[in-house]
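Atoms within each ligand, like the ligands themselves, are counted from 1 in listed order. Everything numeric here is computed off the predicted structure, so don't read it as measured data. Values reported hereafter were calculated over all heavy atoms of this structure, with side chains retained and with hydrogens, waters and symmetry mates removed.
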Amino acid sequence: MQILVTGGTGYIGSHTCVSLIEAGHSVIIADNLSNSRYEVVSIIEQITGQRVIFYEVDVTEEAAIAEIFSKHKIDGVIHFAGLKSVGESVEKPLLYYKNNLLSTMILTDACIKYGVNRFVFSSSATVYGENDVPFEESMTLKPTTNPYGETKVMSERILTDVVQSNPELGVMLLRYFNPVGAHESGLIGEAPNGIPNNLMPFVTQVAKGKLPKLHVFGDNYPTVDGTGVRDYIHVVDLAEGHVTAIEQVTRGVRIYNLGTGRGTSVLELVKTFEEANNIEVPYEIIERRLGDIASCYANVKKAKKELGWVAKRDLIAMCKDSWHFEKK
Ligand code: WQD
């Protein structure tokens with residue numbers, strides 16, 4: 001199939017493009033390069049040996065999106081493009097609502113106009129809000145702590161309503177947890193602009209000496225060692241989950257957690273990283289970060305049962321691959 005991947009030069013998008021091509025599909029990337037680099041296109045071609053069609057567009061530009069749909073036969077869309085910083089969304093809510101909701105509406109509208117019936121949406125575990133772990137797809141969502149999370153809840157609702165009025169359309173809502181790691185080549189990985197928000201890129205930059213030490217945001221949570229617990233999933237497992245989803249789309253809306261089902265604390269991750277890579281990661285415990293929850297990890301039964309998908313790579317592989325990418 002020919003798949004349009006929005007945000008395809010980003011961290012998860014680029015890994016998904018590689019996995020799509022390796023599964024025999026072809027890829028068109030639409031990305032505005034606001035948080036990624038054009039070089040990633042040629043790196044994807046280098047890794048896979050296949051050409052990639054690239055459009056530097058903002059997915060909120062309706063005319064630009066229509067042009068892509070009119071020029072190519074698109075069999076499915078995987079929509080990653082979006083703003084995703086929890087902290088920034090609190091400071092700039094309108095930017096987040098406009099960008100993340102408009103892009104979803106414009107893409108869905110184009111799919112209906114051009115008869116594209118496969119849509120995979122990049123959602124997030126954030127939508128569960130303060131539910132009890134492990135998070136399950138059937139849970140009633142609770143308010144999230146930030147506009148970013150709300151844009152994911154609202155996008156899921158928009159897509160659900162659109163499917164009601166367009167029974168031909170099939171939508172997969174993929175709620176992922178904490179993606180980490182990198183492709184085994186070390187050529188693509190998580191390369192945030194500026195100081196990393198997320199834990200793993202911060203750890204790798206400390207290990208490399210680019211940052212002096214890791215600040216651990218609080219050790220007084222009700223968890224195994226007091227630090228935050230998350231479900232870290234290898235980005236290649238996540239990419240493969242997207243390939244499975246786009247291939248298995250059926251009419252209607254289906255929701256899946258993409259996680260490992262295992263919770264890991266910040267200090268457990270740091271220790272695993274140090275042992276896996278035989279390197280020191282100095283850290284200091286400081287106060288909690290606003291908006292953080294104590295524990296977040298997935299019930300992964302549904303994706304295994306209905307899609308036949310499970311995460312295969314363990315935390316040691318995630319730590320080794322993240323470090324391999326950072327060193328490159
Ligand atoms: C993980 C743990 C922190 C940095 C966010 C978004 C989520 C998704 C993934 C988009 C927490 C602790 C972190 C640091 C630390 N993004 N931490 N020091 O917050 O679980 O999820 O990124 O889809 O939507 O919410 O990820 O990597 O920021 O934090 O102690 O310098 O590491 O407190 O417990 P998070 P994270």
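Among F177, F80, Y221, F217, the residue whose heavy atom lies closest to atom 14 (C) of ligand 1 is F217. Nearest-residue assignment for atom 18 (N) of ligand 1 (options R289, H215, R288; heavy-atom criterion): H215. In this comparison of T264, T223, L269, N178, the heavy atom closest to atom 21 (O) of ligand 1 sits on N178.
From the protein, the heavy atom lying nearest to atom 10 (C) of ligand 1 is Y148 OH, 3.0 Å. Protein heavy atom nearest atom 36 (P) of ligand 1, with residue, atom name and distance: N198 ND2, 3.4 Å. Counting protein heavy atoms only, atom 6 (C) of ligand 1 is closest to V86 CG2, 3.8 Å. Annotation: atom 24 (O) of ligand 1 to nearest protein heavy atom, T126 OG1, 2.7 Å. Scanning all protein heavy atoms for the shortest distance to atom 1 (C) of ligand 1 gives Y232 OH, 3.5 Å. Nearest to atom 27 (O) of ligand 1 among the protein's heavy atoms is L199 N, 2.7 Å. Residue, atom and distance of the protein heavy atom nearest to atom 12 (C) of ligand 1 are V266 CG2, 3.7 Å. At the top of the distance list for atom 20 (O) of ligand 1, counting protein heavy atoms only, stands R230 NE, 2.6 Å.
Side-chain N/O atoms of D219 and T227 include no donor and acceptor closer than 3.5 Å. For the residue pair D314 and Y232, no side-chain donor N or O sits within less than 3.5 Å of a side-chain acceptor on the partner.
Residue-ligand proximity, D292 to ligand 1, at heavy-atom distances under 4.0 Å covers atoms 3 (C), 33 (O). Atoms of ligand 1 lying under 4.0 Å from at least one heavy atom of L214, given by number and element, are 18 (N), 31 (O). Near S124, meaning under 4.0 Å from any of its heavy atoms, are these atoms of ligand 1: 23 (O), 24 (O). Below 4.0 Å from some heavy atom of N197 lie the following atoms of ligand 1, by number and element: 4 (C), 28 (O). Ligand-side atoms of ligand 1 in range of V216: 30 (O), range being under 4.0 angstrom from any heavy atom.
In this structure, S295 contributes its side chain and V229 its backbone to no donor-acceptor pair below 3.5 Å. Of the possible polar contacts, none joining the N198 side chain to the M200 backbone as a donor-acceptor pair under 3.5 Å is found.
The two residues P201 and T204 have their closest heavy-atom pair at O-OG1, 2.9 Å.
Each ring pair (Phe, Tyr, Trp, His ring centres under 6.0 Å) pair with one or both residues in residues 2-23, not counting sequence neighbours, appears once here: Y11-H15. Residue pairs satisfying the ring pair (Phe, Tyr, Trp, His ring centres under 6.0 Å) criterion with at least one member in residues 92-118, sequence neighbours excluded, are listed as follows: F69-Y114.
Rounding to the nearest 0.5 Å gives a distance of 13.5 Å between CD of E67 and CD of E62.
Both cation-pi conditions hold for R288 and Y221: the charged atom is under 6.0 angstrom from the six-membered ring centre and inside a 45 degree cone around its axis. In this structure, K213 is not positioned above the aromatic face of Y283 in the sense of NZ or CZ being under 6.0 Å from the six-membered ring centre and within 45° of the axis.
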